[in-house]
Amino acid sequence: MGPFEILCGIAAAIFALYYFLTSTYDFWKLRGVRGPRPIPGLGNFKDVMFNNISAGDYLAKIYNEYKDEPLIGIFARKTPLLIVKDLDLVKDILIKDFATFADRGIPIFEKTEPLSQHLLSLEPKRWRPLRVRLSPVFTSGKLKEMFSLISKCADHLVEYMEKIASKDEPVECRELTAKYTTDVIGNCAFGIDMNALSDEDSEFRKMGRKVFTLTWTALLRIRIRQVSPRLYGMLGYVLPQTDVTKFFTRVITENINYRETNNIIRNDFIDMLRELKKHPDKLDDIDLTDTLIASQAFVFFLAGFETSSTTISHALYELALNQKIQDNLREEINEVYAKYGEDLTYDNIKEMDYLNKVFKETLRKYPPATFLMRQSMSSYVFDGTKINIPKDQKVWIPVYAIHRDPSIYPKPDVFDPERFNDEAERSRHPMSFLPFGDGPRNCIGSRFAIYQTKVGLVKILQNYKIVTCEKTPIPYVNNPKAFLLAPKDGLYLKIVKINQT
């Protein structure tokens, strides 16, 4: 074969590769959806893939660049993704046409990641009956029963903070609040004293950290999962289970068996899982394996401690930056204590209107999940447009970008709890605030998250003043490696005991 034939062969191979990498890139153009130009092989996610920018920040950038577009078409490598900006269309997806978008489109790998079979990710066939059976754990009545346990954990947090305050040193608030929420979840959902506050070597806290720490092996897994889901699924037959998977499967199984053997009934999340195991016939032919059961407990633990601890630390950060708001909130807390005495109750928390505004403004500015994911279960035409999408189309709703949209929230970088007074809330579109999602597939544990967060804040602010220090991140920069919204280099603040000021 001569040089010319070799060059022709190389050119043909390059052309074939280019065609393969770009073969889907006319997808949005053919549908009349505008969007940024993709890079062959990388799509529009180069900077996100190389951890130069967080997914939330990237989506906000695209959202603002295509200001007048209701829908934006982008690509994750070759896969077309649709970003939905128009709030009426968001409402259609989450509520009105939920039946078409009941799937989140999150892949489940039963072999490689046995604990991925949870409510957050499950396809509608298994999600619906499980959601119905698990929902009673999260009613307001159940929450009232758990309230004293939450309050007791918050008291332990206050005692723990006394030691920290006496050192007069900066404290990493996300780690501090994660210990509190870990203990709350342990006591309320599993009937286990996880000892995250009292024991620096708490196994549960270690495992919680492991899940959200992006090691090189975890990053490699993520990249293989993204680039070749089929290969990643096959790796489950050769890769050993992770420490996290082994730990949680063992702990949940042992807990259930111990209660069965000793006839212990607590009417909590574990008992609900026991009932499911006893009556699998109520779950419409779902194969109720041990890992499917353990997965539900696993996601409740992870979502329950991480999102709430993140929200508490973000609230403390803003209160440290805005001392007047902190003083106003503390004043309301002290008034309620003066009115009802030292025993905080579920109804006392409901009376704290300014606390509720601070809580909502924290979630407005720092939603833990920066976007919502859905996947179409059939072809669909968006209302009022000619734009159609096929079955299995991935759709993303950019929560962080919506919450930072100056046309919805003027001066979005300013922390202003009055955005959530009654009049202001009524004036806004109901889909302009989505920290817990919306519709039938919203966050099942939102009530629980709200109360463990508020109780933690009340107890902290009643006893301590939160101030900035030399290690406080100003300005706040989103960590491009974090799965949930988090600051780049930790969130350091100083804690001062009230009677010392």
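Predicted model only: the values in this text are computed from it and were never measured.
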Item to check | Ring centres under 6.0 angstrom apart (Phe305, Phe204) | outcome: no

Next on the checklist: Please determine whether a side-chain nitrogen of the Lys or Arg among Arg104 and Glu123 lies less than 4.0 Å from a carboxylate oxygen of the Asp or Glu.
Outcome noted: no

Checklist entry - Does the side chain of Ser308 come under 3.5 Å of the side chain of Gln452 through a donor N or O and an acceptor N or O? => result yes

Checklist entry - If only atom types and distance count, is the side chain of Asn479 paired as donor or acceptor with the main-chain N or O of Lys481 below 3.5 Å? => result yes

Checklist entry - Judged by atom type as modelled, is there a donor-acceptor pair below 3.5 Å linking the side chain of Gln326 to the main-chain atoms of Leu319? => result yes

Checklist entry - Between Phe101 and Tyr380, is the gap from one ring center to the other below 6.0 Å? => result yes

Checklist entry - Do Lys365 and Phe415 meet the cation-pi criteria used here (NZ or CZ under 6.0 Å from the six-membered ring centre, within 45° of the axis)? => result no

Checklist outcome for this item: salt bridge (Lys or Arg N to Asp or Glu O under 4.0 Å) with Glu425: of Arg419, Lys360, Arg364, only one passes, and it is Lys360

Next on the checklist: Using only atom types and a distance under 3.5 Å, with no angle test, would you say the side chain of Tyr58 pairs donor to acceptor with the backbone of Asn44?
Outcome noted: yes

Checklist entry - Hey, is NZ on Lys91 packed in by over 12 heavy atoms from elsewhere, all under 6.0 Å? => result no

Item to check | Asp405/Ser407 under side chain to side chain donor-acceptor pair (under 3.5 Å): CA gap, chis, key distance, verdict | outcome: CA-CA 5 Å; Asp405 186 337; Ser407 68; 2.7 Å; yes

Checklist entry - Would you say the side-chain atoms of Thr177 pair up with the backbone N or O of Cys173, donor to acceptor, closer than 3.5 Å? => result yes

Checklist entry - For the ring pair Tyr25 and Phe75, is the centre-to-centre distance below 6.0 Å? => result yes

Next on the checklist: Closer than 3.5 angstrom, by distance alone: can the side chain of Thr24 be matched with the main-chain N or O of Lys78 as a donor-acceptor pair?
Outcome noted: yes

Next on the checklist: For Tyr160, is the OH atom crowded, meaning more than 12 foreign heavy atoms sit under 6.0 Å from it?
Outcome noted: yes

Checklist entry - Is Glu361 reaching over with its side chain to a backbone N or O of Asp416, donor-acceptor style, under 3.5 angstrom? => result yes

Checklist entry - Under 3.5 Å, is there a donor-acceptor pair between the side chain of His403 and the main chain of Leu434? => result yes

Next on the checklist: Tell me if a side-chain donor or acceptor on Glu332 pairs with a main-chain N or O of Tyr354 at a distance below 3.5 Å.
Outcome noted: yes

Next on the checklist: Contact between Phe45 and Ile74 at the side-chain level, heavy atoms closer than 4.5 Å - yes or no?
Outcome noted: yes

